[in-house]
Protein chains: 2
Amino acid sequence: MTVTETETETTDAGADSCAGPPQGDRRPDGADRYTISEVAALTGLTAHTLRWYERIGLMPHIDRSHTGQRRYSNRDLDWLALVGKLRLTGMPVADMVRYAELVRAGDHTYTERFELLKQTREDVLARIAELQGTLAVLDRKISFYGDAGRALASERT
Amino acid sequence: MTVTETETETTDAGADSCAGPPQGDRRPDGADRYTISEVAALTGLTAHTLRWYERIGLMPHIDRSHTGQRRYSNRDLDWLALVGKLRLTGMPVADMVRYAELVRAGDHTYTERFELLKQTREDVLARIAELQGTLAVLDRKISFYGDAGRALASERT
DNA sequence: CGCTTGCCTGGAGTGCACTCCAAGGTTCTA
DNA sequence: TAGAACCTTGGAGTGCACTCCAGGCAAGCG
């Protein structure tokens, strides 16, 4: 029962500062009814993309004003922050939709979500390793170009 | 034609373990005239993609047999290995084409190539940092799920 | 000799992740 | 209360990186 997905996120706001848009402009809980353009500004996504995310099932049900306009909550912002992180890993949107479905389905999907996160973690580690391999290649090439700058040797590649 | 011996490649074909393709099946320089399907097996790219790379200017001029079929050299394989690494970084194909053009243009583009490589290096470092940020988020979430899992387990006991 | 396999070409098609449009209704500012 | 600036929808369009197709040439084999 205690496996609700959401509570950690609310404290997550300033946790990772390096990447992503700053989310310091939040309103306190209770007054958190952001329009779509506010959310666009906060997340760096376009309003188009936010509506599209909703259409494909990547967002939970978004609250609406009495006239039908979207009103996003801090919790929605938390979810979008997670989605943004996952997107950075190269995870396909379809997989994120799958995760969103699991969250919506309730606590009994806990194990599956856990496995999905662990798999994603492995993928991220693998991608970091790949990038470090590429970095080594680049460094070799850069130092070659640096040397060639003095020697002015003719080269291919 | 010379495709009789090349069945050895089939062992390597599916063995695409983790990072770049192992390039241990090369022939010595001087005997390096690979068909397009051999190169496909060695690089993990499809023949379609190899022809497409050529069409968009991402490959240097590829040698041809007397009947017009492509014959790739070890040098071409080296270039493809670099392209593969750059592709892993998420560099757009258009940028790689730009780099290829600089290489074709000759030695006087040395500085520009150097700058491009250094910029790419910065991009890779930034992406690694992003991924490490994401990793932190995932780890926090995973440990939360782990705790919740133990809680559930102990509840059940 | 025909059959199969591999290769050639230009151009069309695919899948993903947005991105935009038209035609309205709503909310804020002066 | 006017008008700008926002919001709504379904559906169509875009850009990237392939991916495939049709129609044909070339070589090895029984």
Side-chain angles (χ1 to χ4, degrees), chain A residues 21 31 33-59 61-73 76 80 82-100 123, chain B residues 1-10 13 16 21 33-59 61-73 76 79-80 82-100 123:
Chain A
R33 291 175 62 76
Y34 308 90
T35 67
I36 196 167
S37 60
E38 286 169 337
V39 176
L42 286 167
T43 61
L45 299 166
T46 69
H48 293 304
T49 301
L50 287 167
R51 292 193 198 98
W52 179 68
Y53 276 3
E54 203 175 325
R55 229 188 301 177
I56 63 173
L58 185 51
M59 294 296 296
H61 188 77
I62 300 297
D63 201 23
R64 298 289 179 126
S65 74
H66 69 104
T67 55
Q69 297 195 352
R70 287 170 184 80
R71 292 295 179 263
Y72 291 81
S73 67
D76 298 327
L80 282 169
L82 175 63
V83 164
K85 287 291 184 193
L86 292 180
R87 203 175 41 138
L88 283 181
T89 71
M91 179 187 276
V93 166
D95 290 6
M96 292 192 266
V97 170
R98 172 92 190 113
Y99 184 73
D123 295 347
Chain B
M1 30 193 62
T2 56
V3 201
T4 44
E5 231 88 352
T6 60
E7 301 302 336
T8 53
E9 255 63 271
T10 47
D16 193 358
R33 290 176 62 77
Y34 308 88
T35 67
I36 197 167
S37 61
E38 287 169 336
V39 175
L42 285 167
T43 61
L45 301 167
T46 69
H48 293 304
T49 302
L50 288 167
R51 292 193 199 99
W52 179 67
Y53 276 3
E54 204 175 322
R55 229 190 299 178
I56 63 174
L58 185 50
M59 294 297 295
H61 187 77
I62 300 296
D63 201 22
R64 298 290 179 125
S65 74
H66 69 104
T67 54
Q69 297 194 354
R70 288 170 183 81
R71 292 294 178 262
Y72 292 81
S73 67
D76 298 328
W79 175 254
L80 282 169
L82 175 63
V83 164
K85 286 291 184 193
L86 292 179
R87 203 174 41 138
L88 284 180
T89 70
M91 179 188 276
V93 167
D95 291 5
M96 292 192 265
V97 170
R98 172 92 190 113
Y99 184 72
D123 295 347

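Proteins get letters first, then strands, A, B, ... in listed order; numbering begins at 1 in each.
Looking only at side-chain heavy atoms (C-beta outward), D76(B) and V39(B) stay at 4.5 Å or farther from each other. Between R64(A) and R70(A) the shortest side-chain heavy-atom distance falls below 4.5 Å. Contact of the T89(B) side chain with the D123(B) side chain is not registered, since no non-hydrogen atoms from C-beta on lie closer than 4.5 Å. Between I36(B) and Q69(B), every side-chain heavy-atom pair lies at or beyond the 4.5 Å cut-off. In this structure, M96(A) and L82(A) have side chains that are not in contact, with every pair of non-hydrogen atoms separated by 4.5 Å or more. Contact of the Y72(A) side chain with the L42(A) side chain is not registered, since no non-hydrogen atoms from C-beta on lie closer than 4.5 Å. For the pair L80(B)/L50(B), a side-chain contact is recorded, criterion being any heavy-atom separation below 4.5 Å from C-beta on.
Within 4.0 Å (heavy atoms only), R71(A) reaches no atom of the nucleic acid at all. Across all strands shown, R70(B) has heavy atoms under 4.0 Å from sugar-phosphate atoms exclusively, and none from any base.
Nearest to the side chain of H48(B), among dA17(D), dC20(D), dC7(D), sits dC20(D). Taking every side-chain heavy atom of T35(A) into account, dC7(D) is the closest of dC7(D), dC7(C), dC18(C). Nearest nucleotide to the side chain of T67(A), out of dT19(D), dT26(C), dT19(C): dT26(C). Checking dA17(C), dA17(D), dC18(C) against every side-chain atom of P92(B), the shortest atom distance belongs to dA17(D). Distance from the side chain of S37(B) is smallest to dG6(C) among dT8(D), dG6(C), dA17(D). The side chain of S65(A) has dT27(C) as its nearest neighbour among dT27(C), dC18(C), dT8(D).
Protein atom CD1 of I36(A) is 15 Å distant from nucleotide atom P of dT27(C), rounded to whole Å. As a whole-Å value, the separation of Y53(A) OH from dT9(D) C1' is 20 Å. Here dT19(C) presents its C1' atom at 13 Å from CG of L45(A), a figure rounded to the nearest Å. Rounded to whole angstrom, the span from the NE2 atom of H66(B) across to the C1' atom of dC25(D) amounts to 12 Å. When the C1' atom of dG10(D) is taken as reference, atom CH2 of W52(A) falls 16 Å away, rounded to whole Å. Straight-line distance from the CZ atom of R51(B) to the P atom of dG11(C): 16 Å, rounded to whole Å. Rounded to whole Å, atom P of dC7(C) lies 8 Å from atom CD of E38(B). The separation between D95(A) atom CG and dA17(C) atom P is 9 Å, rounded to whole Å.
A residue-by-residue look at Q69(A) and R55(A) shows that R55(A) has its nearest nucleotide of DNA chain C further toward the 5' end.
Residues meeting the side-chain hydrogen bond (donor to acceptor under 3.5 Å, both in side chains) test with R55(A), sequence neighbours left out: none.
Applying the 4.0 Å criterion to OP1 and OP2 of dT9(D), one finds that R64(A) has a side-chain N or O inside that range. Between R87(B) and the phosphate of dA17(D), there is no side-chain N or O to OP1/OP2 separation shorter than 4.0 Å.
Rotation axes derived from the C1' atoms of the five outermost pairs at either end of the helix from dC1(C)-dG30(D) to dA30(C)-dT1(D) lie 0° apart, to the nearest 10°.
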